Trainee: 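Would you mind keeping the following structure in view while I ask a few things?
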Amino acid sequence: MKWMVEEARLGPEQREIIDELHDANGTAVWIQGHAGSGKSIVLLHALTEYVIRNPNSKVVVVVFTHALIDLLSSGLRQIPALRNTTIPVITIYDVNGRLFKKETFDAIFCDEIQDIPTILLERMQVGCNQLIIAGDAAQSIYSSVPLFHEKPATKEEIIERLNPEVKTTTTIYRLTRTIIKVLQNVYKDLFADMVHIGREDSEIRLWKADNYQQEIEFSWNESKQINIDRPSEVNAVLFFMKIDIINYVDTVLALEGKQRWSNGTYPEYDVNSFNFADMNTHLNKQGVPLMYVGSKHGSLEDADSQNKIVIMTYHSSKGLDFDAVALPNIQVDLSAAGNENALILVALSRAKRDLLITYTNNMYSGYGRFLVNSKVREINDLGTDDDEIVI
Amino acid sequence: MTTRSLFNLIDMKNITIVLQRTELNYLIKYDTLRISSDRIINLSYIEFKQQSEKYKISLLQNSLPIYEQDHEVILIEYNPSLVLYDNAPSIEFKGILSIIPLTETGAQLLSSKLNSDFKFLSPLDAKIYKAFTNNRNHILRLAASRKLCMLYNVSMPSDAFIADFQKATLFQINNETPKHFDSTLAHLIDFNTTPSFIPEGNIEALIKSACVGMKKLDKEVDQVPRSKFYSFAIDHKDSINSMSLFQAIMYIEDKNKLFDDTEKSFNQLKETLSEEGKYDNAFLSFSYFYFLKKSIEKNDYDISAPKDAILELIYYNSEVASRVLFMLGYTFSIQTISKSIQSFSKSELLKTQINLDLEWTPKEIEQEIIGIPNQEKEEYKPEDIVIHVKNSSEDEKAIEIELSVEKETDKKNLPDKGKIDVLGRWKVKPSKNIVIAKDDSEISAVAEEPSIPIVVYENNLKNVNSDNTDLTLFATDDISIDINKNNFDNEVTKTVQEILNWIETNISIKKSEKTKLNKIIEKIPNYAILSIIDISSKVKNDKLEKKLTLKILNELEKFYLQ
C-alpha cells in the first residue's frame, strides 16, 4: 500500500515542522493535528532527518496497533534515504516492556500519543535522548488503555510531563471534501487543503431499516456486490464493539445459508466465540469473503490479496483507510466510549470512495451531530416506473 | 552596502512589499533582508486598494511568488526611505509599518505563529483575492496542459474549447454545483465520485460518462442503473473490460446498432454529452478523460502509466486526444504532474534519462496471408514456405494442449471461436520451454505455456484442401507459416515421440549439428515441430526434405534462441 508522501510533495506546514526539528536539542516535540493532516507522514520524515544527521543512533517507532505496525513499516520502506536502514516499529506494549527493563534509545518516535497512559509517557521520556510524539489529545478514543488499565494522558498531562515544543499541522490532506464538511460540523477548526479540481470525492449514503435483519441484509449485499464489482479495492465493515461483530458475522452466515459461528445469543456469547482466529478459519471454510482484522488476528495484506472484506472495530481502524466502508448499527449508544466525538470521527473518516451508513429505527445522536446539513444521500427507491430514463 | 535609499526622498508615500513568511522570520531574526525587485509594489496599500480590479490582479500576479497556503505569503506596508541597496533591494525590520494577510484564514494562522504584538491590517479584499487565485490557477493549469500535450506530441485544442473548460472548472473552484443548463464540461468536472453501482475496468469510464449525461438531463445519478445504456454495458462487461478502451468504445458503437432501442438511447446519451454537436465525440472524450485520470491517479501521477491508451487514441483521433490531454493537464495542474513530466525532460540534472516512446501501431488481429507461392510449380521447393516472425503478443490466453492424436475433427472439442480468426486459424502464444520425453512410456513434452490443440491443428491442415488456395498453415503472434495448398495432401500428424524419432532417424547430421538440433527441439514449441515434420514429410524428395526441415529449424532457432 503506497501511502507515504515524498518530502518534495509535503505541504509547507509539514516541511516547516521537519526543518525546525533539528533545533529540538533534546526537548520533546509534539506534532499535533487532526485526522488526515499527515502527522504520521511528518513523524516518519522527521525520523529520516534524525537518522541522516545521527547515522549510528538507536531509534524506534512506537504505535498502538499491529495494523499500524504494518502501515508505518511500509511507509518507512517507501523512503529512499532509509533503504539500507532497519528501523524497528513496535507497539506501546513492547516499548513499555523494554523501557521497564531499563533499555534506552537515542530517539523514540511515538504516534497516536493521545491513547497512551502517563506512566508510559514518563518512561519514554526517561528512556531516550530525544522524544518526538504525534497525535491530538482531542482525539483520544480510549477511556482506559487496554492492558494498562489506566486512562490515556490528557493534553494537560502531556504538557505537564513532557514540556514539549508543540507544532501544529492544520491542513487536512487525506480526507475528501465531503468527509471534511461532515467533520467540520463538530470540529470547526478543520481546514481543507488547496482545491484540487476533479479530485475524487467520496459519497456518503444513508439507509434506515425497520429491523436489524433487514439492515444487515442490505448492508451485506452492498458490501458483497462492491467486492465482486470492484475486486482491486479494500473494503471494510466497522463496529463499535466486538459483540456486534460476532452478531454481524452470524447474521451474514445465516443470509448466505451457511453454518453459524458463535455459541450464544447476542449480546451473551461464550469465550470461544471471541476466538477471532477461529472465526476467520470458519468464514474461510464457509466461503464467505470476510476477515476479522485486529489484535494480531487477520491481516490487511491478506484480506487485500484474497479479496476479502475486512471487519474491524472503530478502535482498530484508527490510522487506516479503505476504499469503501460500511458502518452498520449506528443506533448503538456510544456514550460509554468516553470521547464519543473522537470515536465517531474515526469511524466516519476511514472511507476514501464510498461510506455506507445504516441503522435500525433511530440514529444515535452523536452521529446526528456530524451528519446534520451534510451532503449525505439518503437511499430511496430509484424513482417510480413513470420516471422516464431516456439514456 | 550602500545606504542610499532606492526611492526618491521627495516622494515619501509608503510602498507595499510581498514577503514569504519564512523571509519575514529571517527579517525578524537578522534584522535585514535582501529581496527581489519584483516583490515591490510601488504604491501605498491605500493606493493599491483604489486601483481597478484588473490592475490589482496584475500587480499581485507579478509580485506574489508561488505558494500553497494562505499564511505562507504576506504583504507588508513599508517606509520607502528605509529601502537600501545591497546588490538587490534590502529592507530592515524597523521599516515595516504593518502586516497585511492575504485572507481571514491566513490571518488566523499567522496570529498563532507570529508575535502577538505585531500590527495586522485587515486581509485583502476577498473578491480580489479570489479573482487573483483563479487567474494564478488558470496559468498553472494551462502550463500543465501545454507540457502534457507537448510530451505526447499533440497540439493544444482551440482557444474556444480552452475558454469553455476554464469556465467549467470555476464551479468546483468556487464550490458551486452546475445546473442542468450549464455546460456538460462543468458536469464532467463536477461528477467526481465513483458510485458503488459502477464496476471497475473500462466500463467504469463509460458508465461515468452516462452519469454526466444524467446530470445534464437534470436526473439523479442513481437513476443510471435503470437506464438502457447501463443494462447494455453490464451485459457486455466482460467483453468491454477485456479490450483496450478505444476498442471497447468501438465495440459499444457497433453492438448498439444491432437493436433499435439501445441505439436510440445511446444516441441520446451522445447527443446530450455533445450538447447537440457543440463538442464532437464527447462520449469518447469524456470516457477517455475518466479512464486516464483514474489511471494516472492510481499510478502516483505518472503520466506515462496509460501511455498505450493515449497513443491509441492519438492514432485514431488526434483531435479528441488533444482535448483529453488538455483537460487532464488542466485538472491536475502543474504541481501534481510536474515530477512525472520532469522525468521525461532529459534534464542534465537527472541521473537517468527516460524516453517516452511514442511509437504505436495497432495490433494485428488477423494474420496476413503472405508470400503467395507460384502455383505453376509442380515440385515443392523450400522457398514456397515463408516464415514470418513477428513481435510476440502478451495478450493471448494459454490453452491446454491435447497430446493424443485424433483422426477426425471433433467439433465439440473445437475451441472458443473468439480465439480463432476468420480463417479458422487458432491464435496462440508460442510456448518457450519444453520438456522432451526420455522414453516411449511417457510423452511428457509439455509446453509451459500450452499451445494449440492437435485437433485444431489438424483442422488447419484440412483447410489446406478447402477452396482457399493460399493459406497460413498455422499462425501465432510470432510465426506464420504460409503454404500453397496444392503442394500438400491431408496427412494426419504424428505424436511428439514419433516426431522425435523421425528427426533422429531421418536427419543425418553431424554431431555438432545434433547438439544444436537438440537445443532447438528443447526450445521450439511442439506444434511448431509437428508442423515442420508434416511439411517435410509431404515433400517427396528426401534431400529436399532434409534441407527444408533444417531451413525451417534454423529460422525458428533465430527467433527462439536469439
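Being a predicted model, the structure only gives us computed values, none of them experimental. A, B, ... follow the sequence lines: proteins, then strands. Residue 1 opens every chain.
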Trainee: Atom CG in A/N227, atom OG in B/S196: separation rounded to 0.5 Å?
Mentor: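 Interatomic distance, A/N227 CG to B/S196 OG, rounded to 0.5 Å: 11.0 Å.
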Trainee: Can you say whether B/Y290 sits under 4.5 Å from chain A via the side chain, the backbone, both, or neither, judging by heavy atoms?
Mentor: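 It is neither, since no heavy atom gets under 4.5 Å.
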Trainee: What part of B/L188 gets within 4.5 angstrom of chain A, counting heavy atoms only: side chain, backbone, both, or neither?
Mentor: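 Interface part for B/L188: neither.
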Trainee: Check A/D229 against B/K237 and note the closest heavy-atom contact, atom names and distance.
Mentor: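 Closest approach of A/D229 to B/K237: OD1-NZ, 3.9 Å.
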Trainee: Select one option (side chain, backbone, both, neither) describing which atoms of A/K181 are under 4.5 Å from chain B's heavy atoms.
Mentor: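 Interface part for A/K181: side chain.
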Trainee: So for atom NZ, which belongs to A/K308, do other residues, nucleotides or ligands contribute more than 12 heavy atoms lying within a distance under 6.0 Å?
Mentor: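 More than 12 within 6.0 Å, yes.
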Trainee: Heavy-atom distance under 4.5 Å to chain B: side chain of A/E13, backbone, both or neither?
Mentor: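 A/E13 touches chain B through backbone and side-chain heavy atoms alike.
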Trainee: Given 3.5 Å as the limit, does a donor-acceptor pair link the side chain of B/Q69 with the main chain of A/P12, or not?
Mentor: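 Here the side-chain-to-backbone pair does not exist.
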Trainee: Can you tell me if B/N174 has over 12 outside heavy atoms packed within less than 6.0 Å of its CG?
Mentor: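 Yes, enclosed.
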Trainee: Would you mind checking which part of B/K298 comes under 4.5 Å of any heavy atom in chain A, side chain (CB onward), backbone (N, CA, C, O), both or neither?
Mentor: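 The answer is the side chain of B/K298.
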Trainee: The criterion is ring pair (Phe, Tyr, Trp, His ring centres under 6.0 Å); which residues satisfy it with B/Y129, sequence neighbours excluded?
Mentor: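 Residues passing ring pair (Phe, Tyr, Trp, His ring centres under 6.0 Å) with B/Y129: none at all.
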Trainee: Show the nearest heavy-atom pair for residues B/E68 and A/G11, with the distance to one decimal.
Mentor: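 Shortest heavy-atom contact: OE1-CA, 4.1 Å.
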Trainee: I need the B/T22 OG1 to A/E16 CD distance, nearest 0.5 Å.
Mentor: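 It is 7.5 Å, given to the nearest 0.5 Å.
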Trainee: If you count heavy atoms of other groups shown closer than 6.0 angstrom to NZ of A/K155, is the number above 12?
Mentor: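 Open.
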Trainee: Search all heavy atoms of B/T193 against all heavy atoms of A/S202 and return the closest pair with its distance.
Mentor: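 Scanning both residues, the minimum pair turns out to be CG2-O, 4.0 Å.
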Trainee: Counting only heavy atoms not in B/K130 (residues, nucleotides, ligands), do more than 12 fall under 6.0 Å from its NZ?
Mentor: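 Result for NZ/B/K130: enclosed.
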Trainee: Just checking, is any N or O donor in the side chain of B/E200 or A/S232 under 3.5 Å from an acceptor N or O on the other one?
Mentor: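 The answer is yes; a qualifying pair exists.
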Trainee: Identify the residues of residues 261-273 of chain B whose heavy atoms come closer than 4.5 Å to a heavy atom of chain A, ordered by number, or report 'none'.
Mentor: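 Result: B/S265, B/Q268, B/L269.
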Trainee: More than 12 non-hydrogen atoms from neighbouring residues, nucleotides or ligands closer than 6.0 Å to CD on B/E220, yes or no?
Mentor: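 Counting neighbours around CD of B/E220, 12 or fewer heavy atoms of other residues, nucleotides or ligands fall under 6.0 Å, so no.
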Trainee: Please say which of A/E200, A/E233, A/E203 ends up in a side chain to side chain contact (heavy atoms under 4.5 Å, CB included) with B/T194.
Mentor: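 Single pass found, and it is A/E200.
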